[in-house]
Amino acid sequence: MAQSAEGRKVLNNYTMLETQTVPQTSTLFDSMSNMDHEQLVFCHDKATGLKAIVGIHNTVLGPAMGGTRMWNYATEEEAVKDVLRLSRGMTFKSAIAGLNIGGGKAVIIGDVRKIKSEALLRRFGKFINSLNGKYWTAEDVNMSTRDMEYVHMETPFVTGIPESIGGSGDPSPVTAYGVYVGMKASAKKAYGSESLKGKKVLVQGVGHVGSYLIDHLIEEGAEVLINDMCEDKIAAVTAKHKVKVVDSVYDQEMDIYAPCALGATLNDDTIPQLSCDIVAGAANNQLDNEDVHGEMLKDRGILYAPDFLINSGGIINVFYEMTGNYNRDKVYEQTEEIFNICMNVISHAEEKNVTTHSAALKIALNRIEAIGKVKLGC
Ligand code: NAD
């Protein structure tokens, strides 16, 4: 069937998507255009101190979905940059995981200890509700299932709410499981065996996901090193497991580096210091510049497990909650598929001599393009 003008427009946009990086541009619309966002929505509420931004990147596969991050951004530009990058990442994450949802994300600007309150979270819930289901939220950094419960009081468009009120609870254990199987797939490629027994794995950031990941690693017999800026988080892990606490990260002798804190830790400064074989972790947007730093890792012979693929367990979990048909076995079954998808990405990357990040993007884009055509009937 001939392709419609609308279809051509959408597909041209996909082609653009593939080559975009975080823009160094000056205007909001330039940034949205460069990264191909559909919407950027701002909310301000003087009474509660709420300053929130929702980024809706792409809704071809379904409503945009992605967590809410609360962070004390130094500037508003930093918050905008974060929400643009994170929401774009969600599009690819859901697409490669085989989910029928698009990419979105929310950020709340401010110091959690100073301004997070029931009123602020409920006001945020009203904001989410005003988007009428085009964007569904969930928890992310500095947000808990309890916080989501407050958000849920004002809107049904929220997932990751406590099990006690009909939700699926904290998605972090599922995310951690996906990271673990993605790490095993990478080990199979790098070492010829998926076993992590005896491998030195450095987990940077031992919060929700990092700590569950450590449970799997210890159970499998890996040698675990940990690093975190928060003493309490370190204490919680050392009380449970025999791990080595390290003050520095990138110059450590290790087999596998697992970034589970914040993004952009793979950059010009850190990559030359790394002596590991594999990078596989939960953090979003680990590559500071996805064009440059994916190549740098490849050139150094370090196998990079694409973040948006191996941390997709959390979105798989909340997707099933969103459908109203939550089934934990099914969630884990689909999360386990990350192993095969990861092997497929690595093969594609080898075949085409591209980075694993590019190969994963291509697979995600191919799915959006194919389903977009089906939806447009072209
Ligand atoms: P979290 O806030 O529970 O844990 C993050 C940990 O990193 C904290 O312990 C914090 O103290 C530590 N940290 C922050 N900056 C650090 C630094 N510079 N050096 C060392 N440690 C530092 O968050 P989380 O839910 O575990 O998520 C971790 C990462 O995984 C985030 O990037 C998040 O976006 C991503 N992620 C999480 C999920 C999920 O299900 N929670 C899903 C997908 C992706």
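Every heavy atom of this structure was used, including side-chain atoms; hydrogens, water molecules and symmetry mates were not. Both ligands and their constituent atoms are indexed starting at 1 by order of listing. Here the structure is a predicted model, which means the values were calculated and not measured.
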Q.
Tyr177 vs Tyr332, test: ring pair (Phe, Tyr, Trp, His ring centres under 6.0 Å). Steps then yes/no.
A. CA-CA 8 Å; Tyr177 186 65; Tyr332 273 92; 5.4 Å; yes
Q) If you draw the axis of the six-membered ring of Tyr191, does the NZ or CZ of Lys199 fall within 45° of it and under 6.0 Å from the ring centre? A) yes
(Q) Can you name the atoms of ligand 1, numbered from 1 with element, that are less than 4.0 Å from a heavy atom of Asn227? (A) 19 (N), 20 (C)
Q.
I'd like to know if Glu194 and Lys184 make a salt bridge, using a cut-off of under 4.0 Å between side-chain N and carboxylate O.
A. yes
Q | Proximal ligand 1 atoms for Cys260, defined as those under 4.0 Å from one of its heavy atoms | A | 5 (C), 28 (C), 29 (C)
Q | Closest candidate by heavy atom, reference atom 10 (C) of ligand 1, pool Asp228, Val174, Leu213 | A | Asp228
Q) What atoms in ligand 1 come closer than 4.0 Å to a heavy atom of Cys230? A) 11 (O)
Q | Contact partition for Thr175 relative to ligand 1, non-hydrogen atoms under 4.0 Å | A | side chain
**Q.** Ser172, any N or O under 3.5 Å of ligand 1 N or O
**A.** yes
Q: Fit a plane to each ring of Tyr304 and His357, take the angle between them on a 0 to 90° scale, and name the class: parallel (under 30°), tilted (30 to 60°) or perpendicular (over 60°).
A: tilted
Q.
Given the ring of Tyr150, does Arg146 sit roughly above its face, with NZ or CZ under 6.0 Å from the centre of the six-membered ring and within 45° of the axis?
A. yes
Q) With only distance considered, is Glu139 within less than 3.5 Å of ligand 1 through an N or O on each side? A) no
Q: Between Ala261, Gly263, Ala282, flag the one that comes closest to atom 32 (O) of ligand 1 by a heavy atom.
A: Ala261
Q) What part of Lys233 sits under 4.0 Å from ligand 1 if we count only heavy atoms: the side chain, the backbone, both or neither? A) side chain
Q. Taking everything shown except Glu76 itself, do over 12 heavy atoms lie less than 6.0 Å from its CD?
A. no
Q. Any Lys/Arg nitrogen of Glu223 or Lys244 sitting under 4.0 Å from an Asp/Glu carboxylate oxygen of the other?
A. no
Q) What atoms of ligand 1 come closer than 4.0 angstrom to any heavy atom of Asp140? A) 33 (C), 34 (O)
Q) So is Lys105 polar-close to ligand 1, meaning N/O to N/O under 3.5 Å? A) no
